[in-house]
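Just follow the structure's listing: the first ligand is 1, and inside any ligand the first atom is 1. Fair warning: this is a prediction, and the values are worked out from it, not measured in the lab.
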Amino acid sequence: MADKVRVAVLISGRGSNMLALAEHRRRDHDRSYEIVLVASNVPEARGLVLARRLGIKTWSLSHKGLDRRAFDEQLDAALRSNEVELIALAGYMRLLSPEFVEGWEGRILNIHPSLLPLHKGLDTHRRAIVAGDEFGGCSVHVVTADLDSGPVVAQERVRILPRDDADSLAERVLEVEHRLYPKALEDYARALRAAEEEAQDE
Ligand code: GAR
């Protein structure tokens with residue numbers, strides 16, 4: 001068993017959370033995880049460029065023209081061939097097939113920009129403002145077959161100000177995401193490894 005948990009980060013765009021996860025690892029050598037692959041369904045995703053600059057291996061395949069299951073099978077093969085143990089979705093804007101989720105049960109985390117179970121899906125910040133919520137925020141959760149519904153492992157609130165629009169709120173929440181996600185992944189990977197070691201001892 002590798003010392004650090006081998007993580008793949010899945011992205012579809014900008015990749016700022018991926019960067020936060022990667023830089024967290026860089027700041028301290030005593031980390032429970034290492035990012036071994038950044039994968040994307042959008043070959044031109046900006047985050048892939050950032051990952052390569054950091055020396056992280058990348059994989060991409062356009063999902064266009066492939067059905068969900070066929071795409072996920074190829075993704076799965078790339079993850080397995082890189083001996084990935086844990087997946088972190090970071091702005092991965094594509095639903096995963098039930099078969100894929102089942103194959104990685106308990107091994108996929110996602111960051112979602114709302115206080116789950118509120119505002120699942122898209123357009124979360126505008127919906128929080130329209131609903132008159134006092135707080136927006138973000139949640140890290142385990143991915144299950146139901147969209148944005150798996151157990152929440154970390155969450156942080158951000159107060160919604162009277163002058164906020166969706167963009168200004170998104171900006172403040174994103175800063176929190178960059179702090180929350182590395183810590184949550186760190187803790188989850190550590191617990192995963194500890195559980196595996198315990199199972200091995202039995
Ligand atoms: C982040 O705000 C993330 O929480 C959100 O997309 C953004 C990606 O930004 N994810 C979702 O909405 C998932 N449903 P990034 O590419 O800069 O990390």
I'd like to check whether [X] has a polar contact with ligand 1, where a contact means an N/O of the residue lying under 3.5 Å from an N/O of the ligand.
| X | answer |
| --- | --- |
| Gly121 | no |
| Asn110 | no |
| Arg14 | yes |

So which heavy atom in the protein is nearest [atom], and how far is it from that ligand atom?
| atom | result |
| --- | --- |
| atom 12 (O) of ligand 1 | Pro113 CD, 3.4 Å |
| atom 16 (O) of ligand 1 | Gly15 N, 2.8 Å |
| atom 14 (N) of ligand 1 | His112 ND1, 3.5 Å |
| atom 6 (O) of ligand 1 | Gly91 CA, 3.9 Å |

Take the angle between the ring planes of His141 and His112 and call it parallel below 30°, perpendicular above 60°, tilted in between. perpendicular

With a 4.0 Å cut-off on heavy atoms, does Gly47 reach ligand 1?
no

Which of the atoms in ligand 1, numbered in the order shown and given with their element, are less than 4.0 Å from a heavy-atom of [X]?
| X | result |
| --- | --- |
| Glu177 | 1 (C), 2 (O), 3 (C), 4 (O) |
| Ser16 | 15 (P), 16 (O), 17 (O), 18 (O) |
| Met93 | 11 (C), 12 (O), 13 (C) |
| Leu174 | 2 (O) |

Between Asp123 and the options Arg126, His119, Arg127, the side chain to side chain donor-acceptor pair (under 3.5 Å) test singles out Arg126

Would you say [X] and [Y] make side-chain contact, with heavy atoms under 4.5 Å?
| X | Y | value |
| --- | --- | --- |
| Val7 | Ile87 | no |
| Asp187 | Val153 | no |
| Pro151 | Val142 | yes |
| Arg159 | Phe135 | yes |

Margin query: Would you say Arg52 and Thr58 are linked by a side-chain donor-acceptor pair, where the criterion is simply a distance under 3.5 Å?
Written below: yes

Salt bridge between Arg172 and Asp164, side-chain N to carboxylate O under 4.0 Å? yes

